[in-house]
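The structure appears below as C-alpha cells.
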Amino acid sequence: QVQLVESGGGLVQAGGSLRLSCAASGRTFSDYGMGWFRQAPGKEREIVATISRFGATIRYAESVKGRFTISRDNAKNTAYLQMNSLKPEETAVYYCAANHLYTSLAREAYDYWGQGTQVTVSS
C-alpha cells in the first residue's frame, strides 16, 4: 500500500501561484510514477501532469503547459506541482496519484490516490 497526502491548496487570485505537495509513505517512492489530476465540480477528473520514477519523462496537459511544473524528490518521498498564472477555471480539487513502475495519462491506470486538496482561484 502507498499512502498519499496532498497539501498546499488554498485560495489565490487569478494570476497567482501555488505549490502543491504530495507526501508518500508505505512503499519505495521511486518505484512509482506519479501524476497530478484535478476535478472541478460537475466535471470529470482530468490529467494535469505526470512524472516518471526518476523524473526523466514529464508530460503536461496542453492547458497547463508553460505555467505548471511537476517535480519530485525521491529522497523526501514527495512530488510537487508548481502552478503559476492560475485561472479561475482551474478551481478544482487537485489529486496526486501513484502508478507502480509507469506513468499514464489515464486515471484508471493509477493504483493509489490521495484525498485531494482544494484550489480556488478567484477572479
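Predicted model, so just to flag it, every value in this text is computed and none were measured.
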Might you point out which heavy atoms bring F29 and R72 nearest each other, and give the distance in Å?
O-NH2, 3.0 Å
Gap between atom CG of N74 and atom OG1 of T28 - 0.5 Å precision
10.0 Å
Can you name the closest pair of heavy atoms from L11 and S122 and give their distance?
CD1-CB, 4.3 Å
For the residue pair S123 and A14, what are the closest heavy atoms and their distance?
CA-CB, 4.4 Å
Would you mind reporting whether E44 and R107 have side-chain heavy atoms less than 4.5 Å apart?
yes
Can you get from I47 to Y94 by hopping between Ile, Leu, Val, Met, Phe, Trp and Tyr side chains that sit under 4.5 Å apart?
no
Run the side-chain contact (heavy atoms from CB on, under 4.5 Å) check on Q118 and T91 step by step: do they pass?
CA-CA 8 Å; Q118 177 70 46; T91 293; 3.9 Å; yes
Rounded to the nearest 0.5 angstrom, the CG-OH distance for L101 and Y32 is 8.0 Å
Distance, nearest 0.5 Å, that separates CG of N77 from CD of Q3:
11.5 Å
State whether the side chain of E6 and the backbone N or O of Q115 hold a donor-acceptor pair below 3.5 Å, judged by distance alone.
yes
What's the shortest heavy-atom distance between F68 and V48, and which atoms?
CD2-CG1, 3.6 Å
After noting the C-alpha distance and the side-chain angles of E90 and V64, does the key distance pass the side-chain contact (heavy atoms from CB on, under 4.5 Å) rule?
CA-CA 10 Å; E90 294 179 312; V64 307; 3.9 Å; yes
Would you kindly confirm whether V93 and V119 end up in one hydrophobic cluster when ILVMFWY residues are joined by side chain heavy atoms under 4.5 Å apart?
no
List the atom of T78, the atom of S21, and the distance in Å for their closest heavy-atom pair.
CG2-CB, 4.2 Å
Is R45 close enough and on-axis enough to Y95, meaning under 6.0 Å and within 45°, for cation-pi?
yes
So, for L20 and W36, which heavy atoms are closest and what is the spacing to 0.1 Å?
CB-CH2, 3.6 Å
Can you hop from L18 to L4 via hydrophobic side chains spaced under 4.5 Å?
yes
Check whether R53 reaches the backbone of S30 with its side chain - one donor and one acceptor, N or O, closer than 3.5 Å.
yes
Point-to-point distance, once rounded to the nearest 0.5 Å, from CG of D111 to CD of Q1
10.0 Å
Identify which one of T57, I58, L81 satisfies the side chain to side chain contact (heavy atoms under 4.5 Å, CB included) criterion when paired with I51.
I58
For K87 and R67, run side-chain contact (heavy atoms from CB on, under 4.5 Å): C-alpha distance rounded to whole Å, both residues' side-chain angles, the deciding distance at 0.1 Å, then the answer.
CA-CA 10 Å; K87 305 174 182 179; R67 298 185 298 118; 3.8 Å; yes
Would you say the ring centers of W113 and F37 fall short of 6.0 Å from each other?
yes
Y110 side-chain N/O to S104 backbone N/O, donor-acceptor pair under 3.5 Å:
yes
Using modelled atom types and a 3.5 Å cut-off, is there a donor and acceptor pairing between side-chain atoms of T50 and backbone atoms of G35?
no
Given 3.5 Å as the limit, does a donor-acceptor pair link the side chain of E46 with the main chain of R38, or not?
no
If hydrophobic clusters are built by linking Ile, Leu, Val, Met, Phe, Trp and Tyr wherever their side-chain heavy atoms come under 4.5 Å apart, do Y80 and Y60 end up in the same one?
no
